Amino acid sequence: MPKTKKTSKLRIIFMGTSALAEVILESLLKEKYNIVAVFTQPDKKAGRKKELKISPVKSLARKHKIPIFQPEKFDEDVISEIKKIKPDLIIVAAYGKILPKEVLETPGFGSLNVHASLLPKFRGPSPIQNALMAGEQETGTTLMLMNEGIDTGDIIARKKIKINPNDTFKTLSLELSKLSAKFLLENIPLWIEGKLKRKKQDETQATFCQLIERNDGRIFWNETAKNIYNKYRALYPWPGVFCFWENDGSLKRIKFQKISLQKDSSQDKRRAGEVFQLKNKIGIQTADNAVIADIIQLEGKKSLAAKEFINGHPDFIGSVLE
RNA sequence: CGCGGGGUGGAGCAGUCUGGCAGCUCGUGUGGCUCAUAACCACAAGGUCGGCGGUUCAAAUCCGUCCCCCGCAA
């Protein structure tokens with residue numbers, strides 16, 4: 001569906017923060033949509049020296065000289081500011097803030113949300129990670145008309161894709177970003193022309209997922225190899241998976257930048273978390289099979305291929321991880 | 001001023017506290033063994049110990065300063 005003259009005149013407010021939001025904003029700009037304002041999360045202090053971190057959406061908006069708003073809260077002032085902009089449509093993608101009803105109802109064509117899951121499954125933040133962690137075989141992107149709940153609005157369009165068994169968050173989120181952007185562009189004109197029907201979400205199928213935090217990357221070796229691998233896929237490259245290794249009497253954090261699954265033919269009985277040599281690789285025992293540690297990073301050190309890590313830490317083999 | 005770890009032949013590490021011959025595993029090269037090998041044996045090459053300054057008869061090691069890398073936290 002080509003963009004009509006009507007859609008290019010639409011006054012659109014875009015709200016988003018993450019990399020997915022960036023891809024979507026970029027494609028809207030590329031198609032010459034009239035983005036009159038961009039809302040994104042306030043800058044946060046980040047990094048080792050508490051430097052101010054600017055969201056990718058913000059720098060993109062800045063580049064295109066679009067007015068940027070970074071409210072902490074949607075109070076009266078912000079709401080009246082939005083009304084003054086007179087938007088015809090609000091598009092929200094991974095923004096990270098809940099919008100009051102008054103804002104949602106300001107634009108004549110409503111407020112659309114792009115969500116990277118097959119709603120009503122995986123409502124809430126981090127839908128991509130949670131789909132991977134759950135070992136889902138398919139996911140997708142959903143366009144919905146926002147209401148006051150979190151991802152509970154009526155669905156106007158949905159598209160599925162398959163999840164590759166070796167997909168990580170990195171590969172899947174990239175794919176979903178592109179898909180979501182393309183899908184949104186296809187459907188905006190249809191929505192404007194009233195060709196899309198609203199469909200209520202099936203509440204009995206709804207699941208809600210939490211925001212991913214660093215500590216979610218903790219590996220528990222009494223889980224199955226498949227679950228551990230799924231966790232790695234979901235959390236690569238951020239925040240990554242880790243556990244602890246007792247070395248020289250101190251407990252050190254150890255991250256796994258890459259792990260893989262491999263059938264372990266040996267019949268030795270091992271404890272969960274025990275490190276052993278499997279041919280020329282490093283295996284770690286789980287509740288059932290072993291996982292292979294391919295790239296390892298000890299706290300304070302750079303990440304290393306398993307073979308190099310062993311050169312400097314031969315006592316790693318035989319130790320039991322926590 | 002958020003907390004912490006680190007920089008040592010090509011790679012990964014020990015040595016620093018307590019100053020005194022530059023060490024380990026791996027890689028590389030040469031030779032040997034082998035039907036053969038990511039195997040094994042022997043030998044060898046390869047270092048401004050992150051930079052600068054200070055203390056000392058003597059500094060990888062102690063003091064000062066700067067640069068770079070990383071983990072946590074946010």
Side-chain angles (χ1 to χ4, degrees), chain A residues 16-22 39-59 68 70-73 94-98 124-126 129 168-170 209-221 228 231-266 273-284 290-322:
Chain A
T17 302
S18 71
L20 176 120
E22 184 194 13
F39 279 64
T40 191
Q41 289 267 13
D43 297 339
K44 283 178 181 162
K45 287 179 177 178
R48 223 164 264 126
K49 297 241 162 84
K50 277 173 67 180
E51 287 140 354
L52 222 52
K53 192 183 164 192
I54 294 172
S55 81
V57 168
K58 183 176 177 178
S59 43
I68 297 162
Q70 299 181 278
E72 203 57 73
K73 269 199 275 183
Y95 179 39
K97 287 202 177 294
I98 295 171
S126 315
Q129 290 94 328
T168 61
F169 172 73
K170 189 178 179 179
C209 57
Q210 298 294 332
L211 185 65
I212 293 290
E213 294 173 7
R214 250 192 173 103
N215 277 341
D216 294 329
R218 175 73 188 269
I219 292 178
F220 298 99
W221 297 106
I228 290 170
K231 182 175 274 192
Y232 153 73
R233 294 201 294 149
L235 303 185
Y236 176 84
W238 192 92
V241 290
F242 68 94
C243 67
F244 291 96
W245 177 40
E246 192 174 348
N247 179 33
D248 281 344
S250 66
L251 210 56
K252 284 181 179 161
R253 180 181 288 247
I254 191 163
K255 291 176 89 171
F256 297 94
Q257 304 286 7
K258 185 168 190 292
I259 64 178
S260 50
L261 293 173
Q262 182 167 318
K263 280 175 193 160
D264 173 19
S265 51
S266 63
E274 188 172 338
V275 181
F276 61 98
Q277 202 142 10
L278 185 62
K279 292 176 185 172
N280 55 348
K281 293 178 177 173
I282 295 177
I284 303 171
V291 296
I292 304 300
D294 296 306
I295 300 179
I296 297 172
Q297 182 173 25
L298 191 60
E299 68 176 60
K301 295 294 196 175
K302 291 179 187 172
S303 61
L304 300 171
K307 196 181 170 193
E308 292 169 336
F309 186 82
I310 291 303
N311 279 337
H313 302 96
D315 53 342
F316 188 57
I317 301 289
S319 64
V320 178
L321 301 174
E322 296 178 23

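Naming: A, B, ... by sequence-line order, numbering from 1 per chain. Source: prediction; values computed, not measured.
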Check your understanding: What is the distance, rounded to the nearest whole Å, between atom CZ of A/Arg214 and atom C1' of B/rA74?
Key -> 9 Å

Point to revise | Distance flag, aromatic centroids of A/Tyr232 and A/Phe256, threshold under 6.0 Å | key: no

Practice item. Report the nucleotide, chosen from B/rU25, B/rC13, B/rA73, that has the shortest atom-to-atom distance to any side-chain atom of A/Asn311. Key: B/rU25

Practice item. Using the C1' atoms only, state how far B/rG53 lies from B/rC70, rounded to an integer number of Å. Key: 27 Å

Exercise for review: Could you give the distance separating B/rU18 and B/rA60 at their C1' atoms, to the nearest angstrom?
Suggested key: 15 Å

Exercise for review: Find the distance A/Lys255:NZ to B/rC70:P and express it as a whole number of Å.
Suggested key: 11 Å

Review point. If you find the nucleotide of RNA chain B closest to A/Gly300 and the one closest to A/Lys307, which residue's nucleotide is nearer the 5' end?
Key: A/Gly300

Exercise for review: Take atom C1' in B/rA36 and the same atom in B/rG46, then report the distance between them in whole Å.
Suggested key: 31 Å

Exercise for review: Would you mind pulling out the nucleotide paired to B/rG2, Watson-Crick or G-U wobble, both distances under 3.5 Å?
Suggested key: B/rC72

Point to revise | Interatomic distance, A/Trp238 CH2 vs B/rC72 C1' [rounded to whole Å] | key: 12 Å

Point to revise | Distance, P atom - from B/rA74 to B/rU61, rounded to whole angstrom | key: 37 Å

Review point. Can you name the one residue among A/Leu298, A/Leu251, A/Ile296, A/Val275 that meets side-chain contact (heavy atoms from CB on, under 4.5 Å) with A/Trp245?
Key: A/Leu298

Check your understanding: Nearest 0.5 Å, what's the CD1-CD1 distance between A/Ile282 and A/Ile295?
Key -> 11.5 Å

Check your understanding: Between atom CG in A/Asn247 and atom P in B/rC13, what is the gap in whole Å?
Key -> 12 Å

**Study point:** Between B/rA44 and B/rU48 - C1' atom distance, rounded Å
**Key:** 23 Å

Check your understanding: How long is the line joining CD1 of A/Ile310 and P of B/rA38, in whole Å?
Key -> 21 Å

Review point. Separation of A/Ile282 atom CD1 from B/rU25 atom C1', in whole Å?
Key: 13 Å

Review point. What is the base-pairing partner of B/rU28, counting Watson-Crick and G-U wobble geometry with both distances under 3.5 Å?
Key: B/rA44

Practice item. Kindly give the heavy-atom pair with the smallest separation between A/Leu211 and A/Asp216, and that separation in Å. Key: O-OD2, 3.7 Å

**Study point:** Pair partner, B/rG23 [Watson-Crick or wobble, under 3.5 Å]
**Key:** B/rC13

Check your understanding: What nucleotide among B/rA11, B/rC13, B/rG71 has an atom nearest to a side-chain atom of A/Gln297?
Key -> B/rG71

Check your understanding: B/rC72 P sits how many Å from A/Leu298 CG, rounded?
Key -> 12 Å

**Study point:** Euclidean distance for P, B/rU65 against B/rU8 (whole angstrom)
**Key:** 22 Å

Practice item. Assess the side chains of A/Lys58 and A/Gln70: does a donor N or O sit below 3.5 Å from an acceptor N or O? Key: yes

Point to revise | Candidate nucleotides B/rC13, B/rU25, B/rG71, ranked by approach to the side chain of A/Arg253 - the nearest | key: B/rG71

Point to revise | Nearest-Å distance once atom C1' is located in both B/rC68 and B/rC26 | key: 25 Å

**Study point:** A/Glu308 vs A/Lys301, nearer the 5' end of RNA chain B by closest nucleotide
**Key:** A/Glu308

Review point. Would you find a donor on one side and an acceptor on the other, under 3.5 Å apart, between the side chain of A/Thr168 and the backbone of A/Arg233?
Key: no

Exercise for review: Could you let me know what B/rC33 is paired to, Watson-Crick or G-U wobble, both distances under 3.5 Å, or none if it's on its own?
Suggested key: none

Check your understanding: If you measure from the C1' atom in B/rG64 to the same atom in B/rU56, how many Å do you get, rounded?
Key -> 16 Å

Exercise for review: Would you state whether a donor and an acceptor, one from the side chain of A/Arg48 and one from the base of B/rG2, lie under 3.5 Å apart?
Suggested key: no

Check your understanding: Between B/rC70 atom C1' and A/Lys252 atom NZ, what is the distance in whole Å?
Key -> 13 Å

